[in-house]
Structures are given as C-alpha cells and as structure tokens.
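Down below is the structure, laid out as structure tokens.
As the structure lists them, so they are numbered: ligands from 1, and atoms in each ligand from 1. Quick caveat, the model's predicted, so the values are computed rather than measured.
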Amino acid sequence: MQTDVVVMAAGKGTRMKSKLPKVLHRLGGRALVVHVIDTAARVSARRVVVITGHGASEVEAHLSIPSSAGGTFGLENGAPAAAAPELSFVRQEPQLGTGHAVQQAMPALADDGVTLVLSGDVPLTEPATLQALLDVCDGQHLALLTLTMPDPTGYGRIERNAAGDVQAIVEHKDATDAQRQITEIYSGIMAVPTAKLRAWLARLDNKNAQGEYYLTDVVKFAVADGCAVRAHRITDAVQVAGVNSPLQLAELERAYQRRCAEQLLTQGVRLADPARFDLRGSLTCGQDVDIDINAVFEGRVVLGDGVRIGANCCIANAVIEAGAVIHPYTHIDGEKLGVKVGPGALIGPFARLRPGADLGPEVHIGNFVEVKNSTLAAGAKANHLAYLGDATVGERVNYGAGSITANYDGANKHRTVIEADVHVGSNCVLVAPVTIGAGGTVGGGSTITKSTAPGSLSVARGKQVSIANWARPAKKKPA
Ligand code: UD1
Ligand code: CA
C-alpha cells in the first residue's frame, strides 16, 4: 500500500526566540523540515503534505527551491531516496491542535493509502524505524511509535489494559496521577490507514485540558471500532527528539554530527576527533582519507583516496582528488561553480580557493594565496601572498610572491593567460587582458599591460637609480 506523509509544521516555536520559523532552523546545514521530507522520500512516500501556519509563506518558499528540498545530504552510503515524493502545502490557521492540523491535510490525501504523521521539528528519525512502523501498520492497523522515558513529563502516555493492549493516549495535562506514572510515551509519530483516519478525525472534539483537537484521540476511536492499535517501541530517544529551543537544537546537532562521524569512521576514514568534525552537506570519501580536528564540510564535497585535510579547514562544494593535501586553516568554497583540486596538489596553510578554481595535478598553492575562476595546469605553483583571478595558468608556471592579476577594470572582468613554464617574479601586476608567452620571465615588481612574446624577459618598472655617498637629511640640533 502507498504511503502518504503529513508533516506538521504550523507551530510557533516560541522557545526558539527567533524570527525564523522553527522548522527552518538548520541542523547539519539544512532546515529541520528538509530532514523530515528527505526521510519521507527514503520510505518511498508517494506524496508529502506539509502543514504550515506560523511563518507559512517562508516555509513554503524555502521548500519550493529545488536545491533546498532535494539533493543528497549526509553520507552517501545510506539508502538512496527513491523518486522525490510530490510535495504540497496546506495552511492551518489558527492552530487548534495536532488533530486539527491533520484535518487540514485530509483533502490532499487519497483513501487507498496509509498516512504517516511526522513533525517538521523532529529531524533525526531513521528511515528504517519508519519502515518498521509502516510494517506494523500493515495497511490496516493503527501503528504508534513509542518510547520509554525515565522522565515522561509533558508527553502523551500510552495507556494499556491488563492484556497489554493499547487503549488510549492520555496527554500529560489531562492525565491522572496514576496515568502520569506511565513511562511509555507517544513519540508524535503514527501510521494510519487513511480511510480510517478520515473517519476518526471527523469525530474529534476539543473537550480536554488544553481545549485542542488532539490527534492522539484517534486511538480511542480505533479501540471503539475494534481496529487493532499496535505500538512499535524503540529505545533511541534521539530519533524522536523534537527541537523546541536553541539548546535542544545544539544537542541534536551534536547527535547528528556524531552519527555522521561514526559512519565515516566505519567506512575507514580517519577522523582525528569525531567530536570535532562538522558536516553540513554531503561528504564522499575514498580510501585512506585523514581528517584532522575542526574541519567543517559544507555543500557537496568529494575527497579522493589518500587525501589529507589539516586542522581548522572549511571546505565547501569541492572535489579534492587523490593524494592532495590541504594544510591547516585553508578556506575552500566552490559555491555554484565548484572548486577542483587535482591529484597530489598541496594547498595552504592559510590558502583561499574560490568558485571556479580548477587546479591540476601537483599544483602548489601556499599561504595567503587566493585563487578565483582560474585554471592552473600540472605543476604550477603560487606559493606566497598572491592573487590569481580569471587566469589561465600553464604547466610548471612559477607565480611569485605578492603578484596579482588585475582582472577588473571597474566594469568588466578580463582574463590573464600565463603560458607554460613562465616565471612571474615577486610583486608583479598583470593587467588583464594580457598574455605572458610560454617560457617567458617577468621581472619582479613589473606592471605588465601588454602581452609578451614566448621566451622573452619583460621588466616594466622604474629603472633603479643609485646616488653614491648620499647624505640623509639630519635633524637640526636645538640652539
Ligand atoms: C504531541 C502529542 C503527545 C506526544 C508529543 C511528542 C498531541 C495532542 N500530543 O504533544 O502525545 O507525546 O507530541 O512530542 O498530539 N502542530 C501544528 N498545529 C497545531 C499544533 C501542533 O502544526 O495546531 C505541530 C507542531 O508545530 C509540532 C507538532 O505539531 O511540530 C507537535 O506539536 P506539539 O505542540 O509539540 O505537540 P504536543 O502537544 O507537545
Ligand atoms: Ca511539544
């Protein structure tokens, strides 16, 4: 039977104390609700209906950008998402409770399916857990995901009869003292045959301590109708933990990062310290990859065999090929164009690679060197304090300390071409558009405005004047 997912995301999230709608706060680099939608895709949901309310237009706009909702996140060894589910939105205004929220979604759901109810602020449920819940539901039963908690304060309690069959979910505020002793709680996640859900939701009322329409009241109706209620009890609280405050968000962020780090370690990636590793996107690693402390990976990053990442590097949207070494404190962000670092290249420390940096094999980029939208062919080196922007750099070029490509005339960007085997001295300015011919040399301190012939030496600076025995002006002695 087909699965349709309802994601409750209308709540205010007052305790976040933020202008941003709660479900758009980020965990591992993407919005909480995007984690939930991605999980829905991984249980092959047919459609996902997101119930919005507070900040509805912001949430809807965020999820309507294809790159924010889709794409692969986390580590790519998990079950790949099947075809993206069809995504739609319904608004719940005002918010009269979780039952009222799901009522708003019913017109978007077909009776031939099972409805899986999720919350937009519960990001770390494993697809396998939801699949197990769907199996328990089996297209005909009411299946509840439950958990035993040492301190169940605030949660709905799972009330069972003497035979152990679930009879009801009793909200904390409505519970008697005896019911409050129950430690098995409802996680907020259930799977229900949609036709039955529709009938039960029509019977909800708000005669309870909070004056709300409780989704959890469907349990009573299921029992009354003789429909089996099955609890799928798990032990991993992180999987059903919701985010209500910055503290909870930070705790779940650590749990998520721990999970990612453990997966990488299991794959054979060597992390100097799994507690000092952050992945805010997807990371694919080859064999014998070493990652030192405090590395932050964002967007889509691929590390080839034997790559070493030094301490305190930020690396986003980049492909780093086999054997390359990224020394400490290097900042790489390919944004949309991407960055490529070729095999055996040495980058940093303190280097900056920007969008469109495309470095060939064995390229060296040293400290305080910035590269943007430039290709460097095999063996090219820029080792100190330099800028290469909109440049095409040939094989074995040596680009001196302090040299820059002046690529911007105030209105347009122009290219600099430095052909193979050129040596550019220190502190040169190459005013684009300009080509330095193959094998040529540019003397230190030159400002080059005209292209140079292959094999030539070009010097473009004031000629040195030396005055012998020159007496420096001296201060007058006070009279
Ligand atoms: C709910 C359950 C409770 C369970 C707990 C687990 C009910 C009545 N109670 O409690 O049994 O133990 O979750 O966390 O369902 N939301 C809306 N519209 C609304 C109200 C809520 O979209 O009108 C959304 C919230 O944004 C949130 C989710 O539904 O994402 C759950 O709401 P919340 O208020 O946290 O549920 P509780 O009442 O705490
Ligand atoms: Ca709550």
Side-chain angles (χ1 to χ4, degrees), residues 5-16 18 20-25 31-33 35-37 49-56 58-60 89-106 115-125 142 144-149 151-159 166-175 179-180 182-190 192 197 200-201 204-221 229 231 233-234 237-245 248-249 252:
V5 170
V6 169
V7 179
M8 293 189 290
K12 189 159 185 201
T14 313
R15 280 186 284 154
M16 289 304 292
S18 169
L20 190 67
K22 177 165 77 171
V23 295
L24 294 187
H25 281 271
L32 294 170
V33 67
H35 284 267
V36 178
I37 292 170
V49 183
V50 181
I51 302 163
T52 60
H54 283 281
E58 252 182 287
V59 174
E60 290 163 13
F89 303 99
V90 294
R91 291 202 181 184
Q92 185 201 17
E93 277 156 357
Q95 286 86 43
L96 303 179
T98 52
H100 178 252
V102 179
Q103 278 172 349
Q104 311 311 306
M106 293 319 287
T115 297
L116 176 64
V117 178
L118 304 176
S119 286
D121 58 357
V122 178
L124 296 185
T125 320
L142 171 55
L144 308 173
L145 189 64
T146 74
L147 185 88
T148 300
M149 281 200 156
D151 177 9
T153 308
Y155 290 95
R157 307 300 206 281
I158 303 295
E159 194 171 45
V166 176
Q167 299 299 293
I169 298 174
V170 186
E171 291 304 304
H172 182 89
K173 286 185 178 145
D174 299 293
Q179 288 166 330
R180 287 184 182 180
I182 300 171
T183 54
E184 186 185 4
I185 62 104
Y186 169 55
S187 66
I189 295 173
M190 63 170 72
V192 206
L197 178 63
W200 294 332
L201 287 176
L204 290 184
D205 64 45
N206 62 353
K207 293 179 194 126
N208 53 54
Q210 303 185 79
E212 287 182 4
Y213 295 89
Y214 289 166
L215 175 61
T216 45
D217 280 349
V218 301
V219 177
K220 291 188 301 204
F221 302 136
V229 182
R233 202 191 302 209
I234 61 166
V238 164
Q239 288 198 44
V240 297
V243 171
N244 296 298
S245 66
Q248 288 171 340
L249 180 60
L252 281 197

Residues Ser119 and Val7: closest non-hydrogen pair is C-CG1, 4.1 Å
Check your understanding: Measuring from the heavy atoms of Thr216, does anything fall under 4.0 Å of ligand 1?
Key -> yes
Gly156 heavy atoms within 4.0 Å reach ligand 1 at atoms 3 (C), 4 (C), 11 (O), 12 (O)
Can you find an N/O atom of Thr98 closer than 3.5 Å to an N/O atom of ligand 1? yes
#### Entry: Gln92 near ligand 1 by a heavy-atom separation under 4.0 Å
yes
Practice task
Using only heavy-atom distances, determine whether the side chains of Ser18 and His25 contain a donor-acceptor pair under 3.5 Å.
Solution key: yes
Correct closest heavy-atom pair for Glu184 and Ala231 would be OE2-CB, 4.0 Å
So for Ile51, does at least one of its heavy atoms come nearer than 4.0 angstrom to any atom of ligand 1?
no
Short version for Glu171: what comes under 4.0 Å of ligand 1, heavy atoms counted, is side chain
Residues Glu171, Arg157: salt bridge by 4.0 Å N-O rule
no
Between the side chains of Thr125 and Gln239, is a donor N or O closer than 3.5 angstrom to an acceptor N or O?
-> no
Q. Between Asn244 and Lys22, is any side-chain donor less than 3.5 angstrom from a side-chain acceptor?
A. yes
The reported gap from CD in Gln92 to CD in Gln103 (rounded to nearest 0.5 angstrom) is 9.0 Å
Could you tell me whether ligand 1 has any atom less than 4.0 Å away from a heavy atom of Gly53?
-> no
(message) Tell me whether Ala10 has any N or O atom under 3.5 angstrom from an N or O of ligand 1.
(response) yes
message = If you measure every N or O of Gly97 against every N or O of ligand 1, does any of those distances drop under 3.5 Å?
response = yes
Tell me whether Gly242 reaches ligand 1 (any heavy atom closer than 4.0 angstrom to a ligand atom). no
Check this for me - ligand 1, Asn244, N or O atoms closer than 3.5 angstrom, yes or no? no
| query | Based purely on interatomic distance, does Tyr155 place a nitrogen or oxygen under 3.5 Å from a nitrogen or oxygen of ligand 1? | reply | no
Quick look: Val240 vs ligand 1, heavy-atom contacts under 4.0 Å, and the answer is neither
All heavy atoms of Asp174 vs all of Gln179, minimum pair found to be O-OE1, 4.2 Å
Check: Is there a donor in the side chain of Tyr214 and an acceptor in the side chain of Asn206, or the other way round, less than 3.5 Å apart?
Finding: no
